[in-house]
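Beneath this line is the structure, given in structure tokens, with notes to follow.
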Number of protein chains: 2
Amino acid sequence: MTTKERIADEALTLFSERGYQGTSVKNIADAVGIRDSSLYKHFTSKKEIFDTIVKEMQERMSGLTFRVGLPSGESRSAEAAAYGELTADSLCDLSKQIFLFYLKDDFISRFWRMAMMEQYHSPEIYGVYRKIFLEESIVYQTELFREMIRLGYFHSADPEVMAISFYTPIFFLLTKYMGEPEEEETALRLLEKQVAEFCRIYHNQKRLDT
Amino acid sequence: MTTKERIADEALTLFSERGYQGTSVKNIADAVGIRDSSLYKHFTSKKEIFDTIVKEMQERMSGLTFRVGLPSGESRSAEAAAYGELTADSLCDLSKQIFLFYLKDDFISRFWRMAMMEQYHSPEIYGVYRKIFLEESIVYQTELFREMIRLGYFHSADPEVMAISFYTPIFFLLTKYMGEPEEEETALRLLEKQVAEFCRIYHNQKRLDT
DNA sequence: GTCTATACCTGGATAGAC
DNA sequence: GTCTATCCAGGTATAGAC
């Protein structure tokens with residue numbers, strides 16, 4: 001890890017804990033173990049460190065067609081088919097994986113926290129935050145459920161309603177337990193109950209026998 | 001409105017737009033139309049202004065047993081009975097009222113925005129924010145659905161799952177459309193669909209005929 | 001590429017006249 | 001209770017030696 005990378009990394013940690021304005025260049029330099037003035041050999045300004053972090057997140061998110069847990073490169077109908085093979089139990093596991101990915105991935109979780117705090121201070125982070133956590137997930141899952149219904153894996157229903165029903169509890173629990181890692185078990189138990197109910201309502205058991 | 005109240009009011013507006021640290025005492029004084037030094041005749045510090053706002057919110061929230069739209073003073077089973085009389089349509093109206101209350105009430109919406117940004121900077125606001133927007137709503141609605149199931153207004157189901165299913169879309173849509181007031185119609189349309197589906201799943205139509 | 005030293009500014013807060 | 005004047009701390013950023 002180069003010094004430049006270490007600066008960005010420590011900055012993200014501090015930004016996610018104290019906010020952008022609550023973090024001084026000296027705080028970052030201290031965390032890295034250099035003098036604040038030395039930091040300007042790597043970045044021209046504090047703002048540039050912030051921008052670099054945002055850019056890094058954008059790249060990670062476009063590289064990773066994650067969204068719902070699958071590697072990129074596959075077509076939506078291929079993904080839908082893969083999901084369709086899932087039993088209710090493994091759909092539950094999947095939701096937990098998504099939940100824990102956002103909660104535990106060092107970069108993502110720190111970025112989420114920072115973005116939540118800073119979304120109204122810069123138009124750029126406002127856009128990135130909303131795109132990733134509020135819009136793309138819903139759009140993507142809507143298309144996925146639409147496809148899965150078409151293929152007969154789920155009962156016929158409004159796919160957008162399904163996407164919102166599936167995603168909003170995950171979103172809520174992430175928001176709620178992001179600040180309380182020790183309550184992770186509680187969150188997972190609640191999530192489990194929600195997904196079980198979701199499956200009870202929408203999942204087409206019969207399709208599994210064909 | 002006294003000068004002291006105007007200071008707190010303008011401060012809340014600025015805090016909700018730029019954050020606590022992003023707002024200077026001079027910014028607040030300018031908005032009120034006095035010099036920054038004069039402000040210290042009303043508050044001993046910037047922090048005290050912030051604390052006053054938090055306290056005000058706490059008082060509003062305890063005075064108003066709002067939570068789901070009913071005036072305080074009635075017992076839970078009385079409330080449940082009142083809700084039970086609702087048709088699916090009026091339950092939908094109710095959810096919109098809750099949504100619009102949080103979104104449109106000047107004080108609440110500014111406070112929400114500020115709290116979202118500042119939750120990790122002061123333990124006190126962390127507590128208040130989570131209590132109001134993440135915990136109390138769920139706890140309260142869980143008890144309410146439990147009662148309504150007992151009275152036969154809803155099908156038998158896990159009341160906590162119902163509360164989460166009912167509240168998390170509202171929470172998500174609030175988070176999403178808080179920054180985009182011009183998209184209010186979109187949000188209401190989505191909310192309507194969610195509540196209709198919720199009623200389709202859980203509401204006991206037969207009970208309405210008794 | 002790191003250091004010391006420093007310039008420059010803004011922000012929070014106080015003193016004291018009116 | 002508002003003003004002017006002022007203090008002091010801390011923050012961003014630059015210059016120049018090593």
Side-chain angles (χ1 to χ4, degrees), chain A residues 1-56 110 113-115 117-125, chain B residues 1-56 110-111 113-115 117-126:
Chain A
M1 212 171 181
T2 67
T3 304
K4 182 161 185 169
E5 286 166 342
R6 281 173 55 223
I7 292 170
D9 188 61
E10 295 292 351
L12 176 54
T13 300
L14 290 163
F15 290 161
S16 74
E17 284 166 4
R18 318 179 185 180
Y20 178 77
Q21 321 225 36
T23 303
S24 71
V25 174
K26 188 173 182 313
N27 294 150
I28 301 169
D30 284 348
V32 174
I34 56 174
R35 297 285 163 174
D36 49 357
S37 56
S38 306
L39 192 147
Y40 289 91
K41 294 288 176 187
H42 303 277
F43 293 93
T44 64
S45 68
K46 182 184 174 184
K47 182 68 177 8
E48 205 201 30
I49 303 174
F50 178 81
D51 292 340
T52 301
I53 293 168
V54 175
K55 209 170 174 187
E56 162 79 12
R110 282 181 297 163
R113 256 175 94 126
M114 180 189 78
M117 287 190 250
E118 304 302 334
Q119 59 176 315
Y120 299 115
H121 304 150
S122 113
E124 203 182 14
I125 195 149
Chain B
M1 211 173 182
T2 67
T3 304
K4 183 162 184 169
E5 286 165 343
R6 284 173 53 224
I7 292 169
D9 188 63
E10 295 292 351
L12 176 55
T13 300
L14 290 164
F15 290 162
S16 74
E17 285 165 5
R18 318 180 186 181
Y20 178 78
Q21 321 225 34
T23 304
S24 71
V25 174
K26 188 172 182 315
N27 294 150
I28 301 168
D30 284 349
V32 174
I34 57 174
R35 297 285 162 174
D36 49 356
S37 56
S38 306
L39 193 147
Y40 289 92
K41 294 288 176 186
H42 303 278
F43 293 93
T44 65
S45 68
K46 182 184 175 185
K47 182 67 176 9
E48 205 200 30
I49 303 174
F50 178 81
D51 291 340
T52 302
I53 293 168
V54 175
K55 210 171 173 183
E56 163 79 12
R110 282 180 297 164
F111 184 87
R113 254 175 95 127
M114 179 188 79
M117 288 190 251
E118 304 302 333
Q119 59 176 315
Y120 299 115
H121 304 149
S122 112
E124 203 182 15
I125 196 147
Y126 182 82

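Computed from heavy atoms alone, side chains included, the values below leave out hydrogens, waters and symmetry copies. Numbers restart at 1 for each chain; the letters A, B, ... are given by sequence-line order, proteins then strands. Bear in mind that the values here come from a model prediction, so they are computed numbers and not experimental data.
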Donor-acceptor pairs are to be reported for all side-chain atoms of residues 1-17 of chain A against protein atoms at under 3.5 Å, with residues two or more places apart or in another chain.
{"from": "A:T2", "atom 1": "OG1", "to": "A:E5", "atom 2": "N", "distance (Å)": "3.1"}
{"from": "A:E5", "atom 1": "OE1", "to": "A:T2", "atom 2": "N", "distance (Å)": "2.9"}
{"from": "A:R6", "atom 1": "NH2", "to": "A:V32", "atom 2": "O", "distance (Å)": "2.6"}
{"from": "A:D9", "atom 1": "OD1", "to": "A:R110", "atom 2": "NH1", "distance (Å)": "3.3"}
{"from": "A:D9", "atom 1": "OD1", "to": "A:R110", "atom 2": "NH2", "distance (Å)": "3.0"}
{"from": "A:T13", "atom 1": "OG1", "to": "A:D9", "atom 2": "O", "distance (Å)": "3.3"}
{"from": "A:T13", "atom 1": "OG1", "to": "A:R110", "atom 2": "NH1", "distance (Å)": "2.7"}
{"from": "A:S16", "atom 1": "OG", "to": "A:L12", "atom 2": "O", "distance (Å)": "3.3"}
{"from": "A:S16", "atom 1": "OG", "to": "A:T13", "atom 2": "O", "distance (Å)": "2.8"}

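Sorted by first and then second residue, the side chain to side chain donor-acceptor pair (under 3.5 Å) pairs involving residues 32-49 of chain A (not counting sequence neighbours) are A:K47-A:D51. Sorted by first and then second residue, the pairs that involve residues 19-28 of chain A and meet side chain to side chain donor-acceptor pair (under 3.5 Å), not counting sequence neighbours, are A:R18-A:N27, A:S24-A:N27, A:K26-A:D30.
B:I49 CD1 to B:I28 CD1: the interatomic distance, rounded to the nearest 0.5 Å, is 4.5 Å. Going from atom OH of B:Y120 over to atom CE of A:M117 covers 7.0 Å, rounded to the nearest 0.5 Å.
Nucleotide C:dT2 holds its C1' atom 15 Å from the CG atom of A:D30, rounded to whole Å. Going from atom CG of A:L39 over to atom P of C:dG1 covers 13 Å, rounded to whole Å. Across the protein-nucleic acid pair, A:I34 atom CD1 and C:dT4 atom C1' stand 15 Å apart, rounded to whole Å. For the pair B:R35 CZ and D:dT2 P, the interatomic distance rounds to 13 Å; values are reported in whole Å. Distance, A:I28 CD1 to D:dA13 P: 10 Å, rounded to whole Å.
Legend: residues meeting salt bridge (Lys or Arg N to Asp or Glu O under 4.0 Å) with B:E56, ordered by chain and number and at least two apart, are B:R60.
DNA chain C is contacted by no residue of residues 2-22 of chain B, taking any non-hydrogen atom closer than 4.0 Å.
Proximity note for A:S24 (side chain, C-beta onward) versus C:dT2, D:dG11, C:dT4: the nearest is D:dG11.
Residue contacts for B:S38: at a heavy-atom cut-off of 4.0 Å it reaches a base atom on one of the strands shown.
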Subject >> Heavy-atom protein contacts under 4.0 Å, nucleotides 13-18 of chain C, coded B base, S sugar-phosphate only, - none >> reply: BBB---
